[in-house]
Amino acid sequence: MEDCLAKKMEITVSEAEKRTGRNAMNMQETYTAYLIETRAVESQSEGQCAPVDSLWRRYSEFELLRNYLLVTYPHIVVPPLPEKRADFVWHKLSADNMDPDFVERRRIGLENFLLRVASHPVLCQDKIFYSFLTQEGGWKEMVNETGFQLKADSRLKALNATFRVKNPDKRFTELKHYSDELQSVISHLLRVRARVADRLYGVYKVHGNYGRVFSEWSAIEKEMGDGLQSAGHHMDVYAASIDDILEEEEHYADQLKEYLFYAEALRAVCRKHELMQYDLEMAAQDLTSKKQQCEELATGTVRTFSLKGMTSKLFGQETPEQREAKIKVLEEQIQEGEEQLKSKNLEGRDFVKSAWADIERFKEQKNHDLKEALISYAVMQISMCKKGIQVWTNAKECFSKM
Amino acid sequence: QTTRAEFDLPEYSVRRRYQDFDWLRNKLEESQPTHLIPPLPEKFVVKGVVDRFSEEFVETRRKALDKFLKRITDHPVLSFNEHFNVFLTAKDLNAYKKQGMALLSKMGESVKYVTGGYKLRSRPLEFAAIGEYLDTFSLKLGTIDRIAQRIIKEQLEYLVELREYGPVYSTWGGLEVELSEPLEGVSACIGNCCTALEELSEDMTEDFLPVLREYILYSESMKNVLKKRDQVQAEYEAKLEAVALKKEDRPKVPTDVEKCQDRVECFNADLKADMERWQNNKRQDFRQLLMGMADKNIQYYEKCLTAWESIIPLLQDKPETK
């Protein structure tokens with residue numbers, strides 16, 4: 001981790017701005033642009049601050065960067081982006097992409113994404129990533145020039161591999177299963193949490209009505225009036241306190257969401273392994289069948305039914321010269337195939353090794369981060385309880401003066 | 001269904017049912033019409049909605065009936081009432097009740113104050129003020145009752161969601177290795193909060209709402225007493241006018257008009273005294289009620305606080321230290 005980018009450079013996504021422009025179809029659109037600021041970390045003894053470089057990027061550019069990373073580093077669990085659209089929303093929160101709270105949380109999420117990439121031992125060294133942070137113009141063209149889109153595996157191919165692979169590494173199968181379960185449980189958690197937030201909001205807000213009625217009641221009372229009135233004020237404070245409490249909880253939800261999306265990244269690595277393994281199996285199968293063909297031609301025995309064999313029987317045997325030619329071609333193919341198989345095998349083993357290393361790194365990161373998230377959630381709950389105790393204690397004192 | 005009443009005078013222990021309390025209250029209203037008689041908890045409960053034999057219902061009613069008797073005991077006039085005494089001491093109350101019916105016709109004990117047909121022109125200022133106060137008071141109590149019910153409803157809906165929320169952490173814990181204990185801890189914690197919330201809602205339902213409703217009933221019966229007072233005053237004024245119109249030379253006011261005047265003055269005095277006492281008791285009752293409500297909420301938050309604080313060390317625990 002010593003030479004990762006995060007140590008050398010301070011990266012922040014400091015601002016968000018609404019922009020209007022024309023899209024690819026020359027239609028007017030509104031979008032949000034984010035300001036990325038970078039600054040080289042100088043040694044402390046200097047006492048001087050390096051100048052800040054900055055450039056603006058929009059969400060779609062982040063997406064492009066991530067897609068590039070996914071294709072270029074298939075053995076890495078690539079950090080996810082914050083959600084494109086607001087999901088798991090409870091009713092008071094807006095599901096509007098232009099909502100300032102959503103934009104703010106997205107800004108934080110994008111910054112987090114950049115920091116994750118910058119602190120990854122492999123990803124931080126990528127030139128395209130560096131340019132993303134430092135080069136405003138021409139970056140898109142640069143990415144497209146890498147031709148990464150062509151290297152991307154087709155969805156269909158991946159799906160096919162998943163179903164047909166015979167001998168994937170067991171660890172990857174287990175990991176895929178885990179990531180499916182993780183995705184399911186975190187989704188469930190986020191959904192219920194949103195409902196819990198909604199209900200809690202209702203409980204707090206109704207207490208605000210006490211404020212009003214206590215005030216009205218205090219008007220007709222003599223000795224009880226003051227106590228009632230001031231207690232009513234505390235009820236208003238109580239009702240208002242829920243807004244900040246739930247705003248803070250959204251950050252916890254965002255932390256959970258990150259790992260929800262990370263589960264997807266995990267699955268992508270597993271799929272890549274399955275694809276490579278399937279590819280390997282197909283190549284081995286192909287090689288075996290060619291060898292067999294060769295053998296059959298050489299010895300003249302037909303062990304397997306083939307249309308060619310049948311047609312040659314029907315239309316007459318081929319000449320020895322023809323047979324020789326065929327055998328030659330096959331032998332060449334077989335040699336090629338064996339070399340390919342060797343390299344595929346090597347590739348596969350390398351992939352498993354480096355992927356598994358990153359997965360271990362990811363597991364540790366996940367355990368650490370989620371523990372921190374749970375701790376901060378508990379701290380939030382504690383704070384909420386303390387506020388509640390405070391308000392009701394104040395109210396009780398007012399009541400005691402009635 | 002039976003409720004028990006225990007009273008030291010020197011010491012008696014009798015069994016009474018709601019019916020008997022109802023009888024007592026009616027008797028008190030009849031025999032002491034110038035006084036404010038404390039309310040009983042509601043007589044009718046919707047069958048099928050409330051279980052009349054459930055522990056909670058019986059306990060709530062018992063508390064209310066206890067309050068009823070204590071209020072009478074504290075009253076300087078009502079506590080000496082003969083019916084009250086019999087209620088507390090007689091082994092066979094039913095026999096006395098039957099006797100009472102016969103006595104009624106003989107003694108004319110329940111003086112029919114309400115002669116009917118007399119309309120008061122205007123209520124004296126101080127009683128008008130009381131009437132207005134009671135109107136607004138019961139209105140505000142009604143609002144508070146609705147708010148409290150709404151809060152309980154929202155809390156129960158919140159509880160439903162919490163009950164689904166906690167176990168999901170547990171499910172997640174089952175998937176994990178290192179995070180297993182922390183996640184289980186959070187799940188258990190949420191479970192504890194659920195229990196605390198349930199207790200809060202129960203307390204509010206059993207202790208808070210009934211007292212509010214009692215005071216609303218109290219206000220209603222007090223307004224009726226005010227009306228009775230108006231009638232007595234109206235009768236007096238009408239009779240007085242009738243005498244004045246007759247233009248008789250008699251300097252002395254006829255005795256029955258005098259009696260009416262007495263009645264009015266007695267009623268007013270009794271009512272004023274009772275109102276003052278009522279206001280004082282009301283202040284104390286509400287002070288206690290609202291402080292109790294605050295207390296229950298504090299206790300709820302304290303229980304939750306303890307639960308969350310206790311899992312912080314569990315969450316921070318490093319696997320090596322185990």
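A note on names: the letters A, B, ... follow the listed sequences, proteins ahead of strands, and every chain is numbered from 1. Hydrogens, waters and symmetry mates play no part in the numbers below; they use all other heavy atoms, side chains included.
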**Request:** Walk me through it: do A:Arg195 and B:Glu164 pass the test salt bridge (Lys or Arg N to Asp or Glu O under 4.0 Å)?
**Result:** CA-CA 10 Å; A:Arg195 293 206 302 263; B:Glu164 194 184 322; 2.8 Å; yes
From [atom1] ([X]) to [atom2] ([Y]), nearest 0.5 Å:
| X | Y | atom1 | atom2 | result |
| --- | --- | --- | --- | --- |
| A:Leu189 | B:Tyr169 | CG | OH | 4.5 Å |
| B:Ile147 | A:His207 | CD1 | NE2 | 9.5 Å |
| A:Leu374 | B:Gln316 | CG | CD | 11.5 Å |
| A:Leu228 | B:Lys140 | CG | NZ | 12.0 Å |
| B:Glu302 | A:Cys385 | CD | SG | 10.0 Å |

**Prompt:** So what's closer than 4.5 Å to chain B heavy atoms on A:Leu256: side chain, backbone, both or neither?
**Reply:** side chain
Using a cut-off of under 4.5 Å on heavy-atom pairs, state which of [options] scores highest against chain A.
| options | answer |
| --- | --- |
| B:Phe137, B:Tyr133, B:Tyr165 | B:Tyr165 |
| B:Glu132, B:Arg150, B:Lys153 | B:Arg150 |
| B:Ile144, B:Thr143, B:Leu162 | B:Ile144 |

**Request:** With a 4.5 Å cut-off on heavy-atom pairs, point out which of A:Arg191, A:Met402, A:Glu372 contacts chain B the most.
**Result:** A:Met402
Please look at [X] and chain A and tell me whether the side chain, the backbone, both or neither of the residue comes under 4.5 angstrom of a heavy atom of that chain.
| X | answer |
| --- | --- |
| B:Leu175 | both |
| B:Ile152 | neither |
| B:Ala148 | both |

**Prompt:** Quick one: are B:Glu309 and A:Ile382 in side-chain contact, heavy atoms under 4.5 Å?
**Reply:** yes
**Item:** Any B:Cys304 side-chain heavy atom under 4.5 Å of A:Gln381 side chain
**Value:** no
**Request:** Would you check, one step at a time, whether the test side-chain contact (heavy atoms from CB on, under 4.5 Å) holds for A:Lys386 with B:Leu305?
**Result:** CA-CA 7 Å; A:Lys386 285 190 175 159; B:Leu305 181 65; 4.0 Å; yes
**Request:** Assess the side chains of B:Glu176 and A:Tyr178: does a donor N or O sit below 3.5 Å from an acceptor N or O?
**Result:** yes
Residue by residue, which of [range] have a heavy atom closer than 4.5 Å to a heavy atom belonging to chain B?
| range | answer |
| --- | --- |
| residues 353-370 of chain A | A:Lys366, A:Asn367, A:Leu370 |
| residues 180-187 of chain A | A:Glu181, A:Leu182, A:Val185, A:Ile186 |
| residues 209-224 of chain A | A:Asn209, A:Tyr210, A:Val213, A:Phe214, A:Glu216, A:Trp217, A:Ile220, A:Glu221, A:Glu223, A:Met224 |

**Asked** When you look at CD of B:Gln299, are more than 12 heavy atoms from neighbouring residues, nucleotides or ligands closer to it than 6.0 Å?
**Response** yes
**Message:** Counting only heavy atoms not in B:Asp74 (residues, nucleotides, ligands), do more than 12 fall under 6.0 Å from its CG?
**Reply:** yes
**Item:** Candidate pair A:Tyr377 and B:Trp308, rule side-chain contact (heavy atoms from CB on, under 4.5 Å), full reasoning
**Value:** CA-CA 10 Å; A:Tyr377 184 66; B:Trp308 285 105; 3.7 Å; yes
**Message:** Sort by residue number and list every residue of residues 274-298 of chain B having at least one heavy atom under 4.5 Å from chain A.
**Reply:** B:Gln279, B:Lys282, B:Arg283, B:Phe286, B:Arg287, B:Leu290, B:Met291, B:Met293, B:Ala294, B:Asp295, B:Asn297, B:Ile298
**Item:** Minimum heavy-atom distance B:Ile312-A:Ile375, with the two atoms named
**Value:** CD1-O, 4.3 Å
**Message:** Looking at A:Lys205 and B:Glu154, is there a salt bridge between them, counting it only when a charged N and a carboxylate O are closer than 4.0 Å?
**Reply:** no
